[in-house]
**Student:** 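Can you keep this structure in mind? I'll have questions shortly.
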Number of protein chains: 2
Amino acid sequence: MKTIKEIAEAANVSTGTVDRVIHNRPGVSPKTRERVKAVLDKYNFQKNIIASTLAFKKELTIATLIPFSNSSKEFWNEPKRGIIVASNEIQKYGVDTKHYYFNQFSPESFIESFNKILDLNPNAVLISPIFYKTTIKLIKELETKNIPYIFINTDIALQQNISFIGQNSYQSGFLSGKILSQVLSEEKTILIVRSRKNIDSHQAIDSRIKGFIDYNQLHTPSRNIKHLTIESFATNEIKRKLTNEFLCNNLIKGIFVPSSYAYKIANVLCNLNLKSIKLLGYDVHKLNIDYLNHEIIDFLIEQEPFEQGYKGVKILFEYLLFKKKPNRTYNSPINIIVKENIEFVENHSENVLN
Amino acid sequence: MKTIKEIAEAANVSTGTVDRVIHNRPGVSPKTRERVKAVLDKYNFQKNIIASTLAFKKELTIATLIPFSNSSKEFWNEPKRGIIVASNEIQKYGVDTKHYYFNQFSPESFIESFNKILDLNPNAVLISPIFYKTTIKLIKELETKNIPYIFINTDIALQQNISFIGQNSYQSGFLSGKILSQVLSEEKTILIVRSRKNIDSHQAIDSRIKGFIDYNQLHTPSRNIKHLTIESFATNEIKRKLTNEFLCNNLIKGIFVPSSYAYKIANVLCNLNLKSIKLLGYDVHKLNIDYLNHEIIDFLIEQEPFEQGYKGVKILFEYLLFKKKPNRTYNSPINIIVKENIEFVENHSENVLN
DNA sequence: CTGAAAGCGCTTACAG
DNA sequence: CTGAAAGCGCTTACAG
């Protein structure tokens, strides 16, 4: 491995000039630039990143923006933990991180935090773009400022984000359709429960439902699928509406909840003593885990949210420091979690490297 | 963050002395040592690892020892890839890696490669200790030389390995029991197929079978479970023996293969036109994937083998450079893979960060 | 036992 | 446009 000094000697210039060429900085005559480039290429020069970060004193800053979680029981606590762990790792290499949060049910709070990031003027941004229209509008600011950004968890097509890390929602719904079809014969009815809140914000929910329905149309076409929309996830409302459903239709043997709120349904099923209903939901967090362990919730679909946060920060870090171009998409796995493997869900407990 | 220079000033010594104290090197009077330590503690000094690795020119070497894989289709190709990716990452920080392989059916080849590692005299070793007795014997050499080592994939209790990364085999068998029980009612017979080859080497296989049987005893106690042992995984032998089984016992509706060779059984099931048999095996590799996509294999249990190799190297790296003590055990997840989520298995395709 | 100084491979004012 | 030199924060011979 050649050093800058050796390159400089070979090209008959000073190390300062080599540095200018390597980083495409101005102040080098075209002729010299070409000569140095040729030597650089000849030896396939790779700069020593250790020496580089030691000498480079300007701090790099990465900003992150995800929904806040009130407690470790919630879904968003995992991406948050991934972000924090990655941040601690890259701190050693002189990269600073600032974390911003927003209320996942309030576009206004998203805007507010986003503006703080614009004021900070970081070198790169990680965003969970839950609000479609709001994001589209705000993201332009990053683009005019030439700040690279990455999306996690939710993707928004046609943006200039350098990468996306998250699950293929349609396919996860399709898989959910298969799982319930394996345990419920075709004459059993399945109920899909969603909330209005979700309708406004998460496109992911739509895709999950579409995948679920498509699976059934393909493989169990005669299955009856019913839909239930609730205003919120308030226990009373769920209880009343579910009771109605079961009175009208006692063929319902399975429930598909395409959001992280399966535990709310599970709670009501316990109440109504309907524990044999097969219940499939999304996301591994404390509230869901409790019902999974009692097999009120039978299946959870998991997407390694810790990894989404962790990988997102790491990708930005390598992009900034090593100019490493990431893939356009990193698909999170679609993991099937049941009582018997919940204990080993990645990074769920203290199973963390750093 | 204080620097060594600042600590030196505060303690009224030179930076060399501070360095000696930090690294517990000899040549410092007890009195001075205490004084410096006090200042170090007072400011909670953390050394700048960047500057440290730049100045530290002695190369660190990590050796790895896993079964070789002839092609990217085999299981061991994934831990190998994880090891390579991690090795490339830590190369930047001046850590060298040497990779050794052995034939997973030949203890002799294990010994041969192990001896090469002893000759190399590396700073740390990653091992997949497939052969119980052989490992026990050889590992002592590492201990007398005071070389730290880590196990991946297979654990051997009571050794001085600093960490183990792998799946809980018993629990994975228990989960397999549940999966087949969900899709096969209790009166259906299940066949467990294992090979002699495995009996000699893998304790993991025993644990998987035990877990599988325990689940059934607990939840479907009246289920009939049959055992079939084959000498090798030669197609002809499998075909003959399976034919016998199905002639004698046409209640067999499920097969549990507690190794990565489910594709060999799948091949024969295709031949015999017994595609409706539910077949569950282990490990995601090309040969199994093909049968999973055609739903001849219905389920595969996966353990994120890429991650085992990757994490193993990273843990040794952090142990050597930052003196970071790893957990005793990192449990690999027990992932359920079916046709509908195979595409998104972690790191399966080019879904890799580095 | 202790310190002064050179050096690791880059980056960055500064001078010309 | 270009180079000489100082400096990033450690580590390591070397001298005393």
**Student:** Among all residues two or more places apart in sequence or in another chain, which pass the side-chain contact (heavy atoms from CB on, under 4.5 Å) test with A:Asn70?
**Tutor:** A:Phe68, A:Glu74
**Student:** Sequence neighbours left out, what passes side-chain contact (heavy atoms from CB on, under 4.5 Å) with B:Thr3? Give chain and number order.
**Tutor:**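 side-chain contact (heavy atoms from CB on, under 4.5 Å) check on B:Thr3 returns B:Lys5, B:Glu6.
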**Student:** Please state whether the phosphate of D:dG3, meaning OP1 or OP2, lies under 4.0 angstrom from any side-chain nitrogen or oxygen of A:Thr17.
**Tutor:** yes
**Student:** Please enumerate all residues that pass ring pair (Phe, Tyr, Trp, His ring centres under 6.0 Å) together with B:Tyr319, with sequence neighbours excluded.
**Tutor:**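 For B:Tyr319 there are no ring pair (Phe, Tyr, Trp, His ring centres under 6.0 Å) partners, ignoring immediate neighbours.
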**Student:** Return the set of residues passing salt bridge (charged side-chain N to carboxylate O under 4.0 Å, His left out) with B:Lys98 (not counting sequence neighbours), or none when no residue passes.
**Tutor:** B:Asp96
**Student:** Between N or O atoms, less than 3.5 Å apart, protein on one side and nucleotides 8-10 of chain C on the other: list the pairs.
**Tutor:**
| residue | atom | partner | partner atom | Å |
| --- | --- | --- | --- | --- |
| C:dC8 | O2 | B:Ala55 | N | 3.4 |
| C:dG9 | N2 | A:Ala51 | O | 3.2 |
| C:dC10 | OP1 | A:Asn48 | N | 3.4 |
| C:dC10 | OP2 | A:Ile4 | N | 2.8 |

**Student:** Applying side-chain contact (heavy atoms from CB on, under 4.5 Å), can you list everything that pairs with A:Ser72, at least two apart in sequence or on another chain?
**Tutor:**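 By the side-chain contact (heavy atoms from CB on, under 4.5 Å) rule, A:Ser72 matches A:Asn77.
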**Student:** I'd like to check the side-chain contact (heavy atoms from CB on, under 4.5 Å) partners of B:Ile22; sequence neighbours left out, ordered by chain and number.
**Tutor:** B:Ile4, B:Val18, B:Leu40, B:Phe45
**Student:** Show me the pairs that pass side chain to side chain donor-acceptor pair (under 3.5 Å) and involve residues 135-148 of chain A, at least two apart or across chains.
**Tutor:** A:Glu143-A:Tyr149
**Student:** Looking at residues at least two apart in the chain, or sitting in another chain, which of them share a side-chain hydrogen bond (donor to acceptor under 3.5 Å, both in side chains) with B:Glu304?
**Tutor:**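 By the side-chain hydrogen bond (donor to acceptor under 3.5 Å, both in side chains) rule, B:Glu304 matches B:Asn335.
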**Student:** In which stems does DNA chain D show up, taking only runs of three or more Watson-Crick or G-U wobble pairs whose two distances fall under 3.5 Å?
**Tutor:**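 The stems that DNA chain D takes part in, listed by first number, are C:1-3 with D:14-16, C:5-12 with D:5-12, C:14-16 with D:1-3.
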**Student:** Output every pair passing side chain to side chain donor-acceptor pair (under 3.5 Å) with a member in residues 29-42 of chain A, not counting sequence neighbours, ordered by first then second residue.
**Tutor:**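 Counting only pairs at least two positions apart or across chains, the side chain to side chain donor-acceptor pair (under 3.5 Å) contacts touching residues 29-42 of chain A are A:Ser29-A:Thr32.
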**Student:** Please find the pair of heavy atoms, one from A:Pro326 and one from A:Ile315, that lie closest to each other, and give the distance.
**Tutor:**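 Distance-wise, the nearest heavy atoms are CB-CG2, 3.5 Å.
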**Student:** Identify, residue by residue, the members of residues 28-38 of chain A with a heavy atom below 4.0 Å from DNA chain C, and return them in order of residue number, or none.
**Tutor:**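 Heavy-atom cutoff 4.0 Å gives no residues at all.
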**Student:** Is the shortest side-chain N/O distance from B:Arg20 to OP1 or OP2 of C:dG3 below 4.0 Å?
**Tutor:**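 B:Arg20 to C:dG3 OP1/OP2: no side-chain N or O under 4.0 Å.
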